[in-house]
Amino acid sequence: MKLSRQFYSRDAREVSIDLLGKILVHDINGIKLKGRIVETEAYIADLDKASHAYGGRRTARTEALYGKPGISYVFSIYGLYYCFNVITKEEESAEGVLVRALEPVDGLDEIARLRFKTSYDKLTKLQVKNLTSGPSKLCMALNITKENNMEDLCGDKLYIEHDKNEDPNNKFEIVHTKRIGIDYAEEAKDFLWRYYIKDNPYVSKK
DNA sequence: TACGGGATCCACT
DNA sequence: GTGGATCCCGTAT
């Protein structure tokens, strides 16, 4: 079952936590690439010097952050990579969740090809671990690019769904810790706004 | 119009 | 653990 607009219409920190264990799906001409979300980070412009929209900064790039909950914000970084966020809370609020790592679930051969140009069964152990264990790795793996910026995740192409195999009696443990790669953000760099599933091998950094 | 740097990854040491 | 890749965007001139 697909996550509803309502799911996204909450504080980015709550959404970050509840996204753990959910399945990100990119439908590429009928081939479904799927990964279980195992690591997220919250960004809340009003409180957060690490946010691209801090201080009400509003440009062509950050426009998605101000959009309605449940749309994507994909930005490019270091000239060659992309990062994927989901927008939360409400229009004009500039809150979002960076999806930092996935555990590959479906479309494994296609994912392996997109990352390493080979089939899944030919991957080394290290390559398997590196398939989706980082924010830009997962974009390469699921073929998420700037073309997917401001995509409505309540649509049929790029969306997030509940994991039907999740066992409600055996809930995973969630670690709350500091975010990555934002040392410039002064006090905000110490906010415990990164969340991950304890002991999952695809988490980008312990 | 120019310049500097980034919510990263990878190869190499 | 370190540095290079590589380009788009934000900010200043």
Side-chain angles (χ1 to χ4, degrees), chain A residues 8 11-13 15-17 19-20 24 35 37-67 71-89 93-104 111-118 123-151 153 160 175-196 201-206:
Chain A
Y8 299 107
D11 185 287
R13 289 162 290 194
V15 177
S16 295
I17 291 164
L19 278 176
L20 294 174
L24 175 62
I37 297 172
V38 300
E39 179 181 351
T40 57
E41 284 180 2
Y43 286 83
I44 301 179
D46 289 348
L47 312 171
D48 186 2
K49 287 177 181 153
S51 169
H52 292 162
Y54 177 69
R57 214 155 50 213
R58 187 158 189 163
T59 63
R61 179 171 75 141
T62 61
E63 198 52 38
L65 282 165
Y66 295 90
I71 68 167
S72 66
Y73 168 44
V74 180
F75 64 91
S76 69
I77 188 161
Y78 300 107
L80 55 172
Y81 299 117
Y82 295 106
C83 293
F84 168 76
N85 297 248
V86 308
I87 299 309
T88 69
K89 192 71 174 179
S93 71
E95 293 192 19
V97 178
L98 171 68
V99 178
R100 284 194 53 91
L102 303 174
E103 175 182 333
I111 285 173
R113 231 166 258 125
L114 283 162
R115 284 284 286 136
F116 298 113
K117 300 192 187 333
T118 186
L123 296 177
T124 66
K125 221 172 174 175
L126 189 64
Q127 285 177 317
V128 170
K129 181 177 144 56
N130 279 324
L131 279 173
T132 50
S133 55
S136 298
K137 295 177 192 177
L138 70 89
C139 285
M140 293 185 254
L142 265 62
N143 201 30
I144 295 172
T145 71
K146 60 183 175 187
E147 306 296 313
N148 301 108
N149 190 31
M150 300 192 79
E151 187 116 35
L153 306 179
I160 303 174
V175 178
H176 297 224
T177 185
K178 293 179 188 180
R179 293 176 295 173
I180 305 279
I182 54 160
D183 286 346
Y184 58 86
E186 301 178 15
E187 77 285 349
K189 77 175 164 37
D190 296 323
F191 294 172
L192 302 180
W193 288 3
R194 182 163 75 100
Y195 312 92
Y196 63 82
Y202 288 93
V203 169
S204 68
K205 193 166 182 292
K206 303 287 180 229

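First the proteins, then the strands, lettered A, B, ... as listed; each starts at 1. Predicted model only: the values in this text are computed from it and were never measured.
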* Gap separating the OG atom of A:S93 from the CG atom of A:D46, nearest 0.5 angstrom -> 7.5 Å
* Base, sugar-phosphate, or nothing for A:L98, non-hydrogen atoms under 4.0 angstrom? -> base
* What is the distance, rounded to the nearest whole Å, between atom NE2 of A:H52 and atom P of B:dG6? -> 10 Å
* Asked: Under 4.0 Å between a side-chain N or O of A:R194 and OP1 or OP2 of B:dA7?
  -> no
* Check the distance between B:dC9's C1' and A:L138's CG and give it to me in whole angstrom. => 13 Å
* Decide yes or no on salt bridge (charged side-chain N to carboxylate O under 4.0 Å, His left out) for A:R179 and A:D48, but give the supporting numbers first. => CA-CA 12 Å; A:R179 293 176 295 173; A:D48 186 2; 2.8 Å; yes
* Are OP1 or OP2 of B:dA7 and a side-chain N or O of A:Y184 less than 4.0 angstrom apart? -> yes
* Look only at the side chain of A:S136 and the backbone of A:Y81, and say whether a donor-acceptor pair between them is shorter than 3.5 Å. => no
* Is the shortest side-chain N/O distance from A:T59 to OP1 or OP2 of C:dG10 below 4.0 Å? -> yes
* Asked: In whole Å, what is the span from the CG atom of A:L80 to the P atom of B:dA7?
  -> 14 Å
* Strand partner of B:dA7, provided both Watson-Crick or wobble distances fall under 3.5 Å -> none
* With centres under 5.5 Å and planes under 30°, do A:Y81 and B:dT8 count as stacked? -> no
* If you pin A:F116 and A:I180 to their nearest nucleotides in DNA chain B, which one's is more 5'? -> A:I180
* Asked: Rounding to the closest angstrom, what is the interatomic distance between C:dG3 and B:dG5 at atom C1'?
  -> 16 Å
* Asked: Between B:dC10 atom C1' and A:Q127 atom CD, what is the distance in whole Å?
  -> 12 Å
* To do: Report yes if the side chains of A:Y73 and A:N149 come closer than 4.5 Å at any heavy-atom pair, otherwise no.
  => yes
* A:Y78-C:dA5 aromatic stacking (under 5.5 Å, under 30°) -> no
* To do: Calculate, to the nearest 0.5 Å, the distance between atoms CG and CE belonging to A:L114 and A:M140 respectively.
  => 10.5 Å
* To do: Would you tell me if any nitrogen or oxygen in the side chain of A:R115 comes within less than 4.0 Å of OP1 or OP2 on B:dC10?
  => yes
* Length of the CZ-P vector between A:F75 and C:dT6, whole Å -> 20 Å
* Please determine if a side-chain N or O atom of A:R61 lies less than 4.0 Å away from the OP1 or OP2 oxygen of C:dG10. => yes
* Kindly say whether A:L98 contributes a backbone atom to a donor-acceptor pair with the side chain of A:E41 at under 3.5 angstrom? => no
* Between P of C:dA5 and CE of A:M140, the distance in whole Å -> 17 Å
* Rounded distance (Å) that lies between atom C1' of B:dA7 and atom CD of A:E41 -> 6 Å
* Asked: Rounded to the Å, how far apart are A:R57 CZ and B:dA7 C1'?
  -> 12 Å
* To do: For A:R179, answer base if it contacts any base atom (sugar-phosphate contacts may also be present), sugar-phosphate if it contacts only those atoms, and nothing otherwise; contact means non-hydrogen atoms under 4.0 Å.
  => nothing
* Using a cut-off of 4.0 Å on non-hydrogen atoms, how would the nucleic acid contact of A:N85 be classed: base, sugar-phosphate, or nothing? -> base
